[in-house]
Visitor: 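Just passing along the structure, written as structure tokens.
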Amino acid sequence: MQSAVPSPQLSMMAKLHRMAEPDVLKPLLERARLTTDSRARVLDHSAGLIADLRAAQNRGWVNQFLQEYRLNSSEGVALLSLAEAFLRVPDPETADLLIADKLGDADWRTHAGKSNSALVNSATWGLVVGRALVREEGNALQRLISRAGEPFVRQAVGAAMKMMGEVFVMGRTIDEAMKRMRRPENKGFTASFDMLGEGALTKADAERYFAAYFDAIRAVGRDPKAGHSISVKLSALHARYEVAQWDSCVSELSDMLAQLASEAAAQNIALTVDAEESERLEMSLEIIGAVARRPELRGWDGYGMAVQSYGKRARSVIGWADGLGRPMNVRLVKGAYWDSEIKRTQVEGLADYPLFTRKAATDVSYLACARDMLDATNIRPAFASHNALTVATILEWAGNARDFEFQRLHGMGEGLYERLVREHGHHCRIYAPVGGHRDLLAYLVRRLLENGANSSFVHQLADAGLSDAELMADPVEKIAAVGGTRHPSIPMPKDLMGAWGNSEGIDLAEREVLRETARAISSAPLPLAGGVGGGRVSQPAPQDMPSPSPSHKREGDEVSAAITRAHAAFPAWSATPVETRAAILERYADLLEANRTELMAYAVREAFKTIPDALGEIREAADFCRYYAMQARGILGPRILPGPTGERNELRMAGRGVWATIAPWNFPLAIFTGQNAAALVAGNSVVAKPAPQTPGIAARAVDLAHEAGVPRDALVLVTGGAEAGAALTGDTRIAGVAFTGSTATAKAIARSLLADDANDPIGRPIVPLIAETGGINAMIVDSTALPEQVVADVIASAFRSAGQRCSALRLLIVQEEVADTILTMLRGAMALLVVGDPGDPRTDVGPVIDDAAYAKLMAYRESVQGRWIKTVPVPATGRFVPPTAIRLDDLDDLNQEWFGPLLHVATWRAGELHATIERVNAKRFGLTMGLHSRIARSAEIAEATAKVGNLYINRSMIGAVVGSQPFGGEGLSGTGPKAGGPNYLPRFCVERAVSVDTTSAGGNASLLSLEEGGG
């Protein structure tokens, strides 16, 4: 498909995308600046608009809600949390738990009778009574009333939640919404209806949303004179609206949008494409531009798009829209995904943020964009704002013109536009969500959070402590005063961790970056025996891998020789200052990142990781190096301990000797590097053995460590299989072992470390073993959880990396009442998984590691074929195990880890969370566990009960971050201490205490020389 984005515009957008904030803002400040006279007129007009808004606060239920229940209060948060989940809970027991959880701790009495709204006050009294009924304490009579009152409370809360839904949702159907727009309070206003969806997760979702949009267009078209329009979210029309799926989703979405646009043109109504996350911007422009050029849409002036001013590229997008050569309706909004965009940038370790970090900077961008829109040739502007100062500024610039419109959210900004519409001839459109309340209350909560946040105009207007002058402060002056700099509380991604540098990522959501990375990976000249390409995978099985040892004896001899070298190197390396060793690790991290593409190629072509997983591998390895360097500086130096006068007590840490590190194939760089880096910085020498499937990436990692400054004999690589491992751990010169792999192998190593050498009369020293093994990792889901979030996290946790992560989800346990809903959605999401060549950017699931793993997994999968819930087609050749969900009669039926893309599913009964967790504990594994619930008390139960190393609540179960989520299990899942945590390095050390009597040669000079104190 020919690009719809002209190259100059695309080039400018690319330049602005992650440019430093001051550089982006400099031209925007000049464009947004008012003259002195204009500023005076704007302030005068703003004062009148604020007066109208304040008057409306006595009428608008939502305004009074925000005024009474601030979002920084426990009561405000409780109501929003309850609203987000309550209506989707089907069972009374969980509904009662949710009510008790959200209402029980808040102080509702302080709000009783305070509001000017009878609705708010009646709701408050209901909450006061509800809290009394759900609290546990009290006498027997109160407890009896509590039990009898639960149905009443449940019904009352349900009614209140539905009422909140009605405030923010225009109608459950398009006909209901259009009817509501005919009410007197909406006189003079038009609507843009959105058949709201948070994004399709399955093909069925996308088809349903497409049909809803199409039907809505026809319904609105029945009354074209009303002037209503339709808003469309592209993410609702395609479940794989992702840059990695560009080749398929862009063309498919272009066709679907063209069909909707053609129908809107036939009905003579307007259609606007909503804005979404910045990572999708280029894709959305490609789609919008392709439809704009369709010949069948010539002559129709109802086509439009939304632009988010918080994005650094917003002004260039305005220019792009004006350059399409056709009329375009452009809705300018502040932006809806600010917090998630900030977090993604930090998590991905990207160079800078794609958006502004200060609210005032977004306001400046908005004004600059607005001015461009007013001056544009082909744009009919629509300004979506609840900010009186912004509205007054636009009116100042527009003068007597009326060829633009304002927009506001349904349920927000009441009072701001009524006078402008009914007395001054301006146009205002209401953005009106349409759909069932149960599905839209999550949307309601997001909108409340956006528009009720402390920095928002709506929230500030409700704050009696803020004067009108403060409300009307000039954003241009605010930003100029700080030089356009980033918000000080939002660190750059590289500085996120504070004491150590966060690893660098690359933005795989940029199409060119992704394509170039894939090309570089496929063409990198690696000395591998096998490779991947064209969706086919060929790699020798472990026994066929090229080996430096032609026999087991030769293998053992080479291991012994390696230990001899490391043993000889230990004294000098151990005597190297901690600061020097730490600096070497930091150079090592820099070299890992400098050689990122080559190492990613190894991860893809030797370990069969997908491109995102390969990137994560390099980042985690670098994080280990920098984190352990920081830790070493802080805890490995001598520490003076307390004691009586005349005595010096000191604790010193020292290396133990030669450590054996045995790393797995599933994280052949990250775990390999982490083990070695920890042992080395603690002052040990290391003999490192990678898995036999992945010797290439290990050899390259060792080369880079030597280049960074690690002496060659302080880090020695040995390759081979089980025989090499046995020779390594069986050598009595080994002072410690760090191992990641199977539980059975960990136990074998533990036994070998206890075996004495027959030729040594004293026997082998007792040496430490750090073992991290697998687990039957379970995720428990209750009926308050958001199904879309659950399924997305299940897909990532169970099937990413072909299920070949120690932390991967093996057992999904869903509450009975929502099991059908969750599993239906899971089937649909699984159907969209792409299985194939891991070097292809489109691939979600690659092959398993070797023939033995493939045979074992496939044999088990076939044995339970009658229990398949869903399976996925795979390429005909290669070691591709189809991602498969398998139903269990009982969660106790699974007692073995299956290390691949096989997910087992069981159910549990409401009220049995504690017992369910204990049943998982009884399996005696203890690596990871997940919980999806909106009930805080349930999270507390899981925290207190789950015997696992890593507990994940309301998120995926994979991707532990060094220094943030130290990783490692207990029971059958490992020994600890946790890798990437503060207790890891000391395990590699011996502790030596020194106590010196400083008075042995005479008196206590320090004591005797004390001067007389006061008092």
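As the structure is a computational prediction, the values presented were derived from the model and not from experiment.
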Visitor: Is the closest basic N to carboxylate O distance between Arg596 and Glu504 below 4.0 Å?
Guide: yes

Visitor: Looking only at heavy atoms, which two atoms of Met170 and Ala177 are closest? And how far apart?
Guide: CG-CB, 3.6 Å

Visitor: The criterion is ring pair (Phe, Tyr, Trp, His ring centres under 6.0 Å); which residues satisfy it with His17, sequence neighbours excluded?
Guide: none

Visitor: Sort out for me which residue in Asn329, Val291, Leu297 forms a side chain to side chain contact (heavy atoms under 4.5 Å, CB included) with Tyr303.
Guide: Val291

Visitor: Check side chain to side chain contact (heavy atoms under 4.5 Å, CB included) between Ala520 and all other residues, then give those that pass, not counting sequence neighbours.
Guide: Glu516, Thr597

Visitor: What I want to find out is whether Arg842 reaches Asp837 closely enough, with some N-O distance under 4.0 Å, to be called a salt bridge.
Guide: no

Visitor: Output yes when Asp205 and Arg208 qualify as a salt bridge under the 4.0 Å nitrogen-oxygen rule, no when they do not.
Guide: yes

Visitor: With sequence neighbours left out, write down each residue that passes side chain to side chain contact (heavy atoms under 4.5 Å, CB included) with Asp793, or none if nothing qualifies.
Guide: Met779, Gln789, His932, Ser956

Visitor: Would you tell me whether Glu263 and Gln267 have side-chain atoms, one donor and one acceptor, within less than 3.5 Å of each other?
Guide: yes

Visitor: Salt bridge or not between Lys15 and Asp23? Use side-chain N to carboxylate O under 4.0 Å.
Guide: no

Visitor: Under the rule for salt bridge (Lys or Arg N to Asp or Glu O under 4.0 Å), what residues qualify as partners of Arg222, not counting sequence neighbours?
Guide: Asp175

Visitor: Hydrogens and angles aside, do Gln346 and Glu348 bring a side-chain donor and acceptor to less than 3.5 Å of each other?
Guide: no

Visitor: Applying side-chain hydrogen bond (donor to acceptor under 3.5 Å, both in side chains), name anything that partners Arg294, two or more places apart in sequence or on another chain.
Guide: Asp255

Visitor: In chain order, what residues pass the side chain to side chain contact (heavy atoms under 4.5 Å, CB included) check against Thr390, with sequence neighbours excluded?
Guide: Lys334, Tyr366, Leu367, Ser385, Asn387, Ile394

Visitor: Phe383: which residues meet the ring pair (Phe, Tyr, Trp, His ring centres under 6.0 Å) condition with it, sequence neighbours left out?
Guide: Phe404

Visitor: So, are Asp274 and Arg331 salt-bridged, with charged N and O less than 4.0 Å apart?
Guide: yes

Visitor: Going by side chain to side chain contact (heavy atoms under 4.5 Å, CB included), name the residues that satisfy it together with Ala264, two or more places apart in sequence or in a different chain.
Guide: Ile217, Ile269, Leu271, Trp300

Visitor: Taking all atoms of both residues into account, what is the closest heavy-atom pair of Gly836 and Thr843, and its distance?
Guide: O-CG2, 3.5 Å

Visitor: Arg486: which residues meet the salt bridge (Lys or Arg N to Asp or Glu O under 4.0 Å) condition with it, sequence neighbours left out?
Guide: none

Visitor: Given 3.5 Å as the limit, does a donor-acceptor pair link the side chain of Asp844 with the main chain of Val834, or not?
Guide: yes

Visitor: Give a yes-or-no answer on whether the side chains of Ser231 and Ser192 include a donor-acceptor pair shorter than 3.5 Å.
Guide: yes

Visitor: Tell me which pairs pass ring-ring contact (aromatic ring centres under 6.0 Å, His included) where either residue lies in residues 219-240, with sequence neighbours left out.
Guide: Phe193-His228

Visitor: Give a yes or no on whether a salt bridge exists between Asp372 and Arg31, defined as a side-chain N under 4.0 angstrom from a carboxylate O.
Guide: yes

Visitor: Go through Glu277 and Arg344 one step at a time and tell me if the salt bridge (charged side-chain N to carboxylate O under 4.0 Å, His left out) criterion holds.
Guide: CA-CA 10 Å; Glu277 296 89 344; Arg344 177 185 176 267; over 6 Å; no

Visitor: Do Glu276 and Arg280 pass the salt bridge (charged side-chain N to carboxylate O under 4.0 Å, His left out) test, and can you show the C-alpha distance, the side-chain angles, and the key distance before you say yes or no?
Guide: CA-CA 7 Å; Glu276 303 195 50; Arg280 292 167 163 167; 3.3 Å; yes

Visitor: Between Trp397 (side chain only) and Ala370 (backbone N and O only), is there a donor and an acceptor less than 3.5 Å apart?
Guide: no

Visitor: Please walk me through it: do Asp363 and Lys359 pass salt bridge (charged side-chain N to carboxylate O under 4.0 Å, His left out)?
Guide: CA-CA 6 Å; Asp363 291 341; Lys359 173 69 166 58; 3.1 Å; yes

Visitor: Kindly write out the residues that satisfy salt bridge (Lys or Arg N to Asp or Glu O under 4.0 Å) with Glu341, not counting sequence neighbours, or none if the list is empty.
Guide: none

Visitor: List in chain and number order the residues that pass salt bridge (Lys or Arg N to Asp or Glu O under 4.0 Å) with Arg326, two or more places apart in sequence or in another chain; answer none if no residue qualifies.
Guide: none

